[in-house]
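Structure first, then comments.
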Number of protein chains: 2
Amino acid sequence: MTNSAAAIPGSTDQTLAELSEGEVLARIFPRLPQADTEVLGPGDDAAVLSAPDGRFVVTCDMMIQGPDFRLAWSTPHDLGWKAAATNLSDVAAMGARPTALVVAIAAPPSTPISVILGIADGLRDGCEALAPGCGVVGGDLSAADALTLSITAFGDLEGRAPVLRSGARVGDVVAHAGRLGDAGIGLGLLFRHGVDIDGVPSRVHADAVKARYSRYVDAQLAPVPPIHLGAIAAESGATAMLDVSDGLAIDAGRMARASQVGIDFDSATLGEKIALALGGGEDHGLLATFPPDVVLPAGFRRLGSVTGQAGAVLVDGAPYSQGGWDPYRGWDGAVG
Amino acid sequence: MTNSAAAIPGSTDQTLAELSEGEVLARIFPRLPQADTEVLGPGDDAAVLSAPDGRFVVTCDMMIQGPDFRLAWSTPHDLGWKAAATNLSDVAAMGARPTALVVAIAAPPSTPISVILGIADGLRDGCEALAPGCGVVGGDLSAADALTLSITAFGDLEGRAPVLRSGARVGDVVAHAGRLGDAGIGLGLLFRHGVDIDGVPSRVHADAVKARYSRYVDAQLAPVPPIHLGAIAAESGATAMLDVSDGLAIDAGRMARASQVGIDFDSATLGEKIALALGGGEDHGLLATFPPDVVLPAGFRRLGSVTGQAGAVLVDGAPYSQGGWDPYRGWDGAVG
């Protein structure tokens with residue numbers, strides 16, 4: 001049986017096994033932000049949230065030690081921050097304002113309480129920085145061999161229609177907000193240089209990479225996606241939008257197929273390393289289409305236009321062939 | 001590293017590693033029920049649900065192979081059913097009608113697709129049997145060493161105030177709907193007789209236990225909690241309510257502390273095996289208090305009364321000392 005606790009830093013403090021679930025929760029909840037929409041917070045069988053316009057947006061995502069992160073590279077604060085950021089981005093991509101999270105955490109009984117508190121602090125700081133007013137309204141603690149975070153995020157459409165990935169129309173402007181390729185570069189740097197001589201993820205080596213390439217490593221470990229621009233894009237008339245989690249080309253392909261259009265990127269807008277801009281995942285920017293006459297909201301940058309080649313991703317008018325990320329194929333099994 | 005797939009039955013069919021995430025999702029979603037409140041279902045960055053009275057109830061829970069279930073004992077259908085039932089019960093315990101679930105599943109790449117489809121079928125059958133109109137509106141698939149289900153459930157209060165655990169008043173009737181102790185007996189039988197000569201959970205041995213003691217084993221593996229009675233209790237004036245997940249005594253203690261009252265059980269109502277009725281977990285019945293003059297809704301049975309001993313659980317007026325279940329202490333590490 002895997003005992004991942006050996007990889008968890010800070011093991012001089014109390015472990016989960018030494019504290020009751022109630023004691024752990026009593027330490028976590030005061031650190032978490034309260035949601036503006038909270039009607040009833042943690043402590044009962046369920047929470048109650050307000051949904052001012054009679055609807056709510058909901059998305060969920062799980063992060064698991066090994067496939068999704070390594071504790072040699074990510075701090076507990078990074079994990080909480082990234083779990084918040086990635087889920088908030090899915091809410092934003094609907095054109096909604098994020099309102100709340102519920103968080104289920106599973107951890108080995110030998111996990112130091114400081115790890116759980118660090119995750120809570122990262123969730124708090126991520127919510128406060130990226131979506132002020134968004135809070136944590138409930139959670140669940142379980143035992144598991146691998147540290148696991150499961151987040152469900154909620155949003156308020158504020159009376160607007162949701163912005164789907166299926167709404168792009170021929171002639172629309174293709175635009176993007178956020179980083180392009182940095183998180184992928186950061187992951188590549190960590191896999192190449194954040195490991196010891198045996199290829200095992202190493203904190204010491206990762207720290208050296210972080211010191212030299214913080215722009216890229218930070219984009220991977222603690223991304224700062226443009227959450228607030230989701231609602232602004234919707235208000236500005238975005239016809240389609242999605243969160244770029246698996247790379248610009250793959251996610252543009254999803255929009256192209258859902259909308260039955262082509263997404264044609266202008267190579268001049270993609271920087272010098274076009275393959276990295278198109279292929280790097282986990283940047284969590286917003287890819288959106290707007291009517292051709294729109295003034296793009298500040299933070300969005302034009303990358304191309306929508307064409308008639310249904311389902312196609314193009315660069316300068318020529319079809320672009322893309323790779324792919326699949327959770328069951330892309331995991332190399334390395335745990336650190 | 002644990003490779004739990006060895007314990008997963010039906011490994012002649014395709015595995016998750018042989019299918020793309022999109023192919024797996026395309027097989028799962030048609031099996032899942034659509035929620036009556038669904039405005040936008042799976043397939044975009046997030047789903048959209050209606051919240052008719054401008055609020056919604058939300059709860060989450062994770063189930064992990066090893067600490068929470070063994071594949072030698074539970075079928076995939078059992079897992080889906082139980083994941084639905086336990087989360088729907090938390091919604092019901094607020095006095096709400098369950099409306100929808102989102103489901104995150106993590107599984108080893110070697111998991112046969114039939115296991116995931118079995119879980120989906122169990123979720124569907126659980127929703128349809130226990131909360132008609134409740135559907136699955138979204139999900140997430142990840143890779144992990146241990147099969148993990150993370151469920152977030154939603155409910156509609158239909159204009160009512162939520163029924164909290166803190167509302168019990170001295171003189172109220174204490175009542176319960178559902179089974180008492182059966183799930184705990186079932187788990188005890190499985191631990192004693194559902195294992196091979198080395199103490200390892202065994203399907204063959206578990207099947208023999210199921211054949212002889214189906215009442216108890218079914219209560220443990222695929223519980224049928226009285227979900228519909230949550231809203232009925234609220235309409236009937238319940239002053240406090242909670243889901244009995246950790247045993248009647250422990251959960252009554254939570255109500256007693258939250259309400260600053262005593263919960264006094266009448267031993268004559270608890271059957272012959274009082275310790276089992278008070279101590280057995282996972283029955284997921286509803287413990288509620290009602291004003292003294294109420295006619296209890298059908299399905300509820302009087303178990304005692306609310307007294308002035310703040311925070312106390314009593315039997316026939318004498319304090320009852322209780323054991324406890326803690327996820328980090330109660331797990332013996334056995335995986336099967």
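Chain naming here is simple, since letters A, B, ... match the order of the sequence lines and numbering starts at 1 in each.
- Scanning all heavy atoms of the two residues, the minimum distance from Arg165(B) to Asp44(A) falls at N-OD2, 2.9 Å.
- Options Ser150(B), Ala46(B), Ala104(B) differ in how many heavy-atom pairs under 4.5 Å they form with chain A, and the most are formed by Ala46(B).
- The interface of residues 87-99 of chain B with chain A, defined by heavy-atom distances below 4.5 Å, comprises Asp90(B), Ala93(B), Met94(B).
- With rounding to the nearest 0.5 angstrom, the CG atom of Asp61(B) is 4.5 Å from the CG atom of Asp140(A).
- Interface summary for chain B: among Thr148(A), Asp45(A), Thr37(A), Val137(A), the most heavy-atom pairs under 4.5 angstrom belong to Asp45(A).
- Only the backbone of Met241(A) comes within contact range of chain B, judged by heavy atoms closer than 4.5 Å.
- Here the side chains of Leu164(B) and Leu40(A) are in contact, with some heavy-atom distance below 4.5 Å.
- Using a 4.5 Å cut-off between non-hydrogen atoms, the part of residues 51-59 of chain A that approaches chain B consists of Ala51(A), Pro52(A), Gly54(A), Arg55(A), Phe56(A), Val57(A), Val58(A), Thr59(A).
- Top candidate by heavy-atom pairs under 4.5 Å with chain A, chosen from Ala258(B), Ala47(B), Ala153(B), is Ala47(B).
- For chain B, the nearby parts of Leu242(A) are the backbone and the side chain; heavy atoms of each come within less than 4.5 Å.
- Of the listed residues (Ile151(A), Val102(A), Thr152(A), Val103(A)), just one forms a side-chain contact (heavy atoms from CB on, under 4.5 Å) with Cys60(B), and that residue is Val102(A).
- For Leu49(B), the parts lying near chain A are the backbone and the side chain together; criterion is any non-hydrogen pair under 4.5 Å.
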